[in-house]
Amino acid sequence: MKLKRTHTTDLINDSLLGQELILNGWLNSRRDLGGIIFIDLRDRYGLVQVRFADDLPKNILEKAHRLSAEDVIAVKGTVLARPEAAVNPKISSGKLELLASDLEILNKAKTPPFEISRRETGSEDLRLKYRYLDLRTTEMKRNLELRSKAAIATRNFLSGNRFMEIETPFLMKSTPEGARDFLVPSRINAGKFYALPQSPQTYKQLLMVSGFDRYFQLVKCFRDEDLRADRQLEFTQIDIEMSFVDEADVQELSEGLLKHIVKAATGKAMEIPFPKLTWEEAMEKYGSDKPDIRFDLPIHKADDFAKMSSFGVFHSALESGNVVRVLKVSGGASFSRKQIDEYTSLAKINGAKGLAWLKLTENGGEGGISKFVNDEALKALIHQTKAEPGDCFFFIADEWETGLTALGMVRNALGKALNLIPEDALAPLWVTEFPLLEFDPEEQRYVARHHPFTSPRLDELERLETHPAEVKARAYDLVLNGYEIAGGSIRIFQKDLQQRMFRLLNIGDDEARAKFGFLLDAFEYGAPPHGGIAFGFDRLVMILAGSDSIRELIAFPKTTTGQSPMDGAPDTVSQKQLDELKISLIREKAAK
RNA sequence: GGAGCAGUAGUUCAACUGGUUAGAGCACCGGCCUGUCACGCCGGAAGUUGCGGGUUCGAGUCCCGUCUGCCCCGCCA
């Protein structure tokens, strides 16, 4: 190329007036008026309008006429002020333009399948197939820039707080518990497999044993589970571990980190410390272990009300030890039957047996279960929830966690539908005192709610075997706008306690030794007390970008079936590759 | 594993209750145009209605299967 760039578009400003310079970039758009041609040249940094006047040499004008979208070009020209009437306030260089003196077409482009300057002209499906074009859009550039800023802010903050960034292996041993592993066959050790890490959990604990008392890593994690708008097969964590700390230390550090990232990436200020709720409080008040506290709309206890009513469902629920809870929806009396049905079905999808309702009018209760509710009961409910005519009530009568979870989902849907969520708000909170264990009815055993290395609360240690379901963990989640963006815990660092934990999880001593022997051994050589946290980095930047899909913050994401429409992954491999790995495929057809 | 929605021109969408030659915007191609910036005006080309099967005189439309995309439940220590 003979016209090598001297400037990027963001540098074009008044100080360059009259100066001749060269820009390289893509043809964003062309407006050919016949005797005069305008083009917008785009590079990573922005747009600049270039004008081709009719006194240019013929060969240059012909080239300019021939330009089409996304051609890669080099333009030499002089920076001029635009006439007053021709100023474009929509772009930052809108008061200026480049009067072209030379043009080089570095590479012609085919017509793109969608317009780069108007991203909505392509569906997500199409944009993923041509992701390298999608990444040219302002939206994706902005998202990846925000992500980059957040990553750099993370490193700056943690490095400034004496954390060391240490890499851990991607090829590791498959371990039980948790998500399904991605397996990688070992050629050199035929028949054996590595697993990709679900997180560097054990490695970072071993680094604590090694004495690296403040470790972090921006690290890819892999989980072979079904995808969602906020979940990918591979995702990035800010993984942090610290020695000689308790919960407060990790939380304080995390608050500082989040505040720093938010400031660097968005310019917004965050107030610290963040509010805290115990898991039980969060469930009771918001029906979620990751409540969205950007809006009010609390859940109320309605057991007493249920007793006063004559609604059979409520009474039988209470008799079998279940609970009755209610949401008061301001203005909800205007809901149509169809709308109410939709909330009912939402509650059912999320496990509730149903959703009882009742509208409050000037004349008292109406519709739904109103005929089972006497004046006295209604009055008490109105008093308790500060309800007014025009409101409506949604009730669940169910097992505590199931019912509250379902009502929490209804609450979230209402928050959205009623526009209760302030835009641009950032509402963080800590959720603490999670139960250590959770009974898995499928496997008929307890599983760790967080992970098996999480320390139980020390004042409950003696109840570990006798009342395992009631013991709380030294775990904490950081929630932002209804998303879990980080989770961590103070870890077990003593061999005995770790072995007790494995036994509780029905992992036999032999299995524990086979799977986690290296960790148990390490604990015998002077393991310091330690704890940490891991941030879901993609999810965090998704929230900061105001997006509701994690794919918007990942350069090359997978679709919900785990495929990459661009490169066609996953794909079959050659027989030769399989032979080398000593792998033979089972034919699926016979199954059906 | 389950539920819902969608798949029609390069693209974004339309096409009534099954009925004429499947339409429109944008993009594209050709022409005109000296201050446009979603430039404008005139003209043109453009279709395996995701794929396979079925019902019917007749299927984009109905039925069955299948694939893909999105959203959700399960799952995600």
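Keep in mind that the numbers below use all heavy atoms, side chains included, and drop hydrogens, waters and symmetry copies. Per chain, numbering begins at 1; letters A, B, ... match sequence-line order.
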Would you indicate what [X] reaches in the nucleic acid, counting non-hydrogen atoms under 4.0 angstrom: base, sugar-phosphate, or nothing?
X      : value
A:E115 : sugar-phosphate
A:M501 : nothing
A:L47  : nothing
A:R449 : sugar-phosphate
A:E97  : base
A:V87  : base
A:A448 : sugar-phosphate
A:T561 : sugar-phosphate
A:I349 : sugar-phosphate
A:F114 : nothing
A:P83  : base

ask   = Of the candidate nucleotides B:rC76, B:rC37, B:rC26, which contains the atom at the shortest distance from the side chain of A:R223?
value = B:rC76
Closest to the A:N350 side chain, choosing from B:rC39, B:rC73, B:rU68 = B:rC73
ask   = Pick from A:R136, A:R42, A:Q49: which one makes a side-chain contact (heavy atoms from CB on, under 4.5 Å) with A:N28?
value = A:R42
ask   = Can you find an N or O donor on one side and an acceptor on the other, under 3.5 Å apart, linking the side chain of A:R51 with the base of B:rG35?
value = yes
Do [X] and [Y] get their side chains close enough for a donor-acceptor pair, meaning under 3.5 Å?
X      : Y      : answer
A:E247 : A:T432 : no
A:E115 : A:S117 : no
A:H530 : A:Q205 : yes

query = Does anything in residues 432-447 of chain A reach RNA chain B, meaning a heavy atom under 4.0 Å, and if so which residues?
reply = none
Aromatic ring proximity [X]/[Y], centre distance under 6.0 Å:
X      : Y      : value
A:F170 : A:F222 : yes
A:F493 : A:F523 : no
A:F453 : A:F516 : yes

task = Report the residues that fulfil ring-ring contact (aromatic ring centres under 6.0 Å, His included) with A:F439, sequence neighbours left out, ordered by chain and then residue number.
result = A:Y446
message = So if I define the base as every atom that isn't primed, P, OP1 or OP2, how would nucleotides 2-9 of chain B read as a B/S/- string at a heavy-atom cutoff under 4.0 Å?
response = --------
message = Please tell me if A:S123 has a side-chain N or O lying less than 4.0 Å from either OP1 or OP2 of B:rC70.
response = no
query = Does A:G122 or A:A85 map to a spot on RNA chain B nearer the 5' end, using the closest nucleotide for each?
reply = A:G122
